[in-house]
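Got a structure for you, questions after.
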Protein chains: 2
Amino acid sequence: MKQFTKHNTRNSLRRIFLYHGLLVRLNSMGVKRVYSYNLAEGARVTPEQVRKDFSEYGIRGNRRGGYMTVLLLNEMETLFRRDRVTNVILVGMGNLGQALSKYSRFGQRGINIVATFDIDPYKQKTRDEMQVYTPGRLQEIIDRFHVTVAIIAVPDISAQEVCNELVGMGIRGIVNFSPVLLRVPEYVIVNNVNLSDEIESVIWSVYRMKEQQSLYL
Amino acid sequence: MKQFTKHNTRNSLRRIFLYHGLLVRLNSMGVKRVYSYNLAEGARVTPEQVRKDFSEYGIRGNRRGGYMTVLLLNEMETLFRRDRVTNVILVGMGNLGQALSKYSRFGQRGINIVATFDIDPYKQKTRDEMQVYTPGRLQEIIDRFHVTVAIIAVPDISAQEVCNELVGMGIRGIVNFSPVLLRVPEYVIVNNVNLSDEIESVIWSVYRMKEQQSLYL
DNA sequence: TGTGTTTTGTGAATTGTTTCACATTAATTC
DNA sequence: GAATTAATGTGAAACAATTCACAAAACACA
Ligand SMILES: NC(=O)c1ccc[n+]([C@@H]2O[C@H](COP(=O)([O-])OP(=O)(O)OC[C@H]3O[C@@H](n4cnc5c(N)ncnc54)[C@H](O)[C@@H]3O)[C@@H](O)[C@H]2O)c1
Ligand SMILES: NC(=O)c1ccc[n+]([C@@H]2O[C@H](COP(=O)([O-])OP(=O)(O)OC[C@H]3O[C@@H](n4cnc5c(N)ncnc54)[C@H](O)[C@@H]3O)[C@@H](O)[C@H]2O)c1
């Protein structure tokens with residue numbers, strides 16, 4: 001087993017997923033060979049970056065011949081567990097939780113939301129098709145489906161509490177949509193996704209760009 | 001006007017927003033003075049990082065006295081336009097678009113979704129409270145409300161097309177939730193937010209951590 | 001007013017990431 | 001089958017971000 005000691009940053013992983021997405025499209029379009037500059041163009045990076053990223057994960061192509069699309073795809077899918085489906089639970093079936101639970105393309109990405117949870121009994125009943133469980137059944141479901149990754153979409157006040165429970169029940173990875181930074185043991189992976197920040201940073205970048213442009217008028 | 005030539009990375013902006021959030025909470029708790037290590041602890045960074053970030057944006061405190069909470073908050077709100085509300089439009093009122101349009105806390109962040117758009121006439125009618133417009137009225141609304149930032153929550157196939165229209169109508173910043181990298185002129189800011197990637201990167205990090213741990217058994 | 005203490009602000013050092021430059025290899029052409 | 005061409009793979013160089021180290025400032029208290 002190759003060990004990834006150095007690098008392995010969030011950035012390189014992000015790019016790898018991008019390359020994979022592009023590769024799926026190219027493959028479905030019947031492209032047999034792909035070159036670092038093809039992927040680079042699609043991912044808006046340099047070809048060197050693509051090759052360095054692959055090199056980082058031990059993925060190798062043919063000099064002069066680039067990469068065989070199918071082989072590269074297979075290699076990536078094995079390496080990044082795209083060959084397996086991972087069971088995930090979702091806690092908090094409010095606006096965002098419902099949107100996520102209805103998204104039909106997670107399956108293509110190997111993400112399977114096996115169960116959703118909410119404390120609100122009204123939400124437990126009314127969700128069409130997908131069963132919404134009470135948090136009392138968390139441990140049972142986690143054990144039954146060998147769940148190690150959870151999505152938190154509860155209000156900020158409850159987020160840390162829910163997080164603690166989940167970690168206590170064996171969850172090792174959390175995607176947190178609430179606007180608080182969760183405190184977890186070092187063996188737990190957390191990805192904090194703050195949608196307000198994502199929007200606000202664009203707003204601010206636009207203001208800043210306008211200011212700079214007006215300096216040259 | 002201070003010019004931000006160097007640095008100004010996405011990372012430092014992200015952290016600045018984090019500090020702001022913490023500051024709002026500390027202020028509402030009646031904390032009068034705040035020190036770099038307070039913010040550092042909350043944001044999970046080093047105190048030096050906090051001070052460097054502030055220094056970067058020309059924010060200064062008192063040696064030994066830290067920062068006056070209210071003054072720092074005011075300074076940040078002026079600097080980062082938190083004192084103004086920015087009008088934003090949202091295109092695509094499917095699962096995700098509806099969740100975003102119902103989120104009530106954007107207002108606190110100075111984000112005001114003034115109008116939403118969808119090609120589906122059914123969606124144009126049924127959304128409670130918020131009016132959903134046909135894309136035919138985009139230019140009119142953009143002009144009327146001086147909109148420069150848009151959120152794209154349409155399917156991947158339509159995303160680039162919608163993006164082109166928006167840019168042609170004067171939009172300068174785009175938050176893109178579709179899983180394609182948009183192609184825009186260099187004067188337009190794009191933030192691609194890929195929720196599948198956010199989840200998948202956690203899944204993969206968990207797998208990897210487990211592998212590494214099993215090496216030491 | 002002076003001395004000790006605490007905290008900021010920031011150059012310098014370190015660490016991390018991306019790009020460059022080119023040797024190496026494989027395919028193609030003659 | 002030798003020469004040419006076009007790609008990869010990767011150290012080295014350049015660049016970027018973070019941490020270190022400490023001087024400068026502000027406050028406390030005698
Ligand atoms: N909706 C958005 O567009 C948006 C944007 C930015 C941030 N967020 C953040 O995402 C999170 C979810 O947002 P939302 O709009 O879906 O909120 P919401 O209030 O609509 O939904 C939250 C849900 O969590 C449930 N809940 C509360 N405590 C719980 C617990 N202990 N266990 C299980 N369920 C619990 C509630 O019953 C509710 O159904 C919030 O933290 C919000 O700040 C959402
Ligand atoms: N929902 C999620 O949890 C989720 C997760 C990951 C990624 N995404 C991405 O976010 C985007 C939106 O997802 P969704 O689940 O809301 O999809 P959806 O299919 O539910 O909604 C898309 C909406 O866009 C509208 N639309 C299509 N073309 C349009 C056009 N040209 N102009 C205006 N409106 C148009 C459709 O009528 C529909 O209402 C997609 O690109 C999806 O891949 C969503």
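Residue numbers begin at 1 in each chain, while the letters A, B, ... track the order of the sequences.
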(message) Rounded to whole Å, how long is the line connecting atom NZ of B:Lys52 with atom P of D:dA16?
(response)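 Taking NZ of B:Lys52 and P of D:dA16, I get 16 Å after rounding.
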(request) Take atom CD of B:Glu56 and atom P of C:dG11, then tell me their distance rounded to the nearest Å. (result)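 The answer, rounded to whole Å, is 12 Å.
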(request) Measure the distance from CZ on A:Arg33 to P on C:dA26 and round it to the nearest whole Å. (result) 12 Å
(request) Look at the aromatic rings of A:Phe80 and A:Phe17 and report parallel, tilted or perpendicular, splitting at 30° and 60°. (result) perpendicular
(message) If you go through the side-chain atoms of A:Arg64, does one of them form a donor-acceptor pair with the base of D:dT5 closer than 3.5 Å?
(response)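 Such a pair exists between side chain and base.
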(request) Return the value, rounded to whole Å, for the distance between atom CG of B:Asp53 and atom C1' of D:dA16. (result)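 After rounding, the gap between these two atoms is 14 Å.
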(request) Specify whether A:Tyr37 and A:Tyr35 have parallel, tilted or perpendicular ring planes, treating 30° as the upper limit for parallel and 60° as the lower limit for perpendicular. (result)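 Correct class here is parallel.
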(message) Using OP1 and OP2 only, check whether a side-chain N or O of B:Tyr57 sits under 4.0 Å from C:dG9.
(response)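 No.
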(request) Mind checking A:Phe54 for me? I need base, sugar-phosphate or nothing, with any heavy atom below 4.0 Å counting as a touch. (result)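 Nothing, no heavy atom under 4.0 Å.
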(request) Return no unless some side-chain N or O of A:Ser55 is found under 4.0 Å from OP1 or OP2 of D:dG9. (result) no
(message) If we ignore hydrogens and angles and just use 3.5 Å, is the side chain of A:Arg172 paired with the main-chain N or O of B:Tyr207 as donor and acceptor?
(response) no
(request) Using modelled atom types only, decide if a donor and an acceptor are shared between the side chain of A:Arg44 and the backbone of B:Leu181 within a distance under 3.5 Å. (result) yes
(message) Keeping A:Thr69 on the side-chain end and A:Lys32 on the backbone end, is there a donor-acceptor pair under 3.5 Å?
(response) yes
(request) Please report, rounded to the nearest Å, how far the P atom of C:dA13 is from the CD atom of B:Glu48. (result)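 For the pair B:Glu48 CD and C:dA13 P, the rounded distance is 17 Å.
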(request) Calculate the interatomic distance between B:Leu72 atom CG and C:dT8 atom C1'; express it in whole Å. (result) 13 Å
(message) Base, sugar-phosphate or nothing for A:Gly65? Non-hydrogen atoms, less than 4.0 Å.
(response)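 Counting heavy atoms under 4.0 Å across all strands, no contact is made by A:Gly65.
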(request) Please check the phosphate of D:dT18 (OP1 and OP2 only) for any side-chain N or O of B:Arg15 closer than 4.0 Å. (result)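 Checking D:dT18 against B:Arg15, a side-chain N or O does come within under 4.0 Å of OP1 or OP2.
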(request) State whether A:Ser36 places a side-chain N or O below 4.0 Å from either non-bridging phosphate oxygen (OP1 or OP2) of D:dT8. (result)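 Yes.
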(message) Is there a side-chain contact between B:Tyr35 and the phosphate of C:dT8, meaning an N or O under 4.0 Å from OP1 or OP2?
(response) no
(request) Using whole Å, report how far OH of A:Tyr37 lies from P of C:dT19. (result)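 My rounded result for the distance is 19 Å.
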(message) Is B:Gln49 close enough to D:dT19 that one of its side-chain N or O atoms is under 4.0 Å from OP1 or OP2 there?
(response)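 It does, given that an N or O in the side chain of B:Gln49 lies less than 4.0 Å from OP1 or OP2 of D:dT19.
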(request) Calculate the interatomic distance between A:Leu39 atom CG and D:dT8 atom C1'; express it in whole Å. (result) 13 Å
(message) On the nucleotide D:dT10, are OP1 or OP2 found under 4.0 Å from the side-chain N or O atoms that A:Arg60 carries?
(response) yes
(message) Please tell me if B:Asn62 has a side-chain N or O lying less than 4.0 Å from either OP1 or OP2 of C:dT7.
(response) no
(message) So, under a plain 3.5 Å distance rule, would you say the side chain of B:Arg63 forms a donor-acceptor pair with the base of C:dT8?
(response)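 Check passes, donor-acceptor contact within cut-off.
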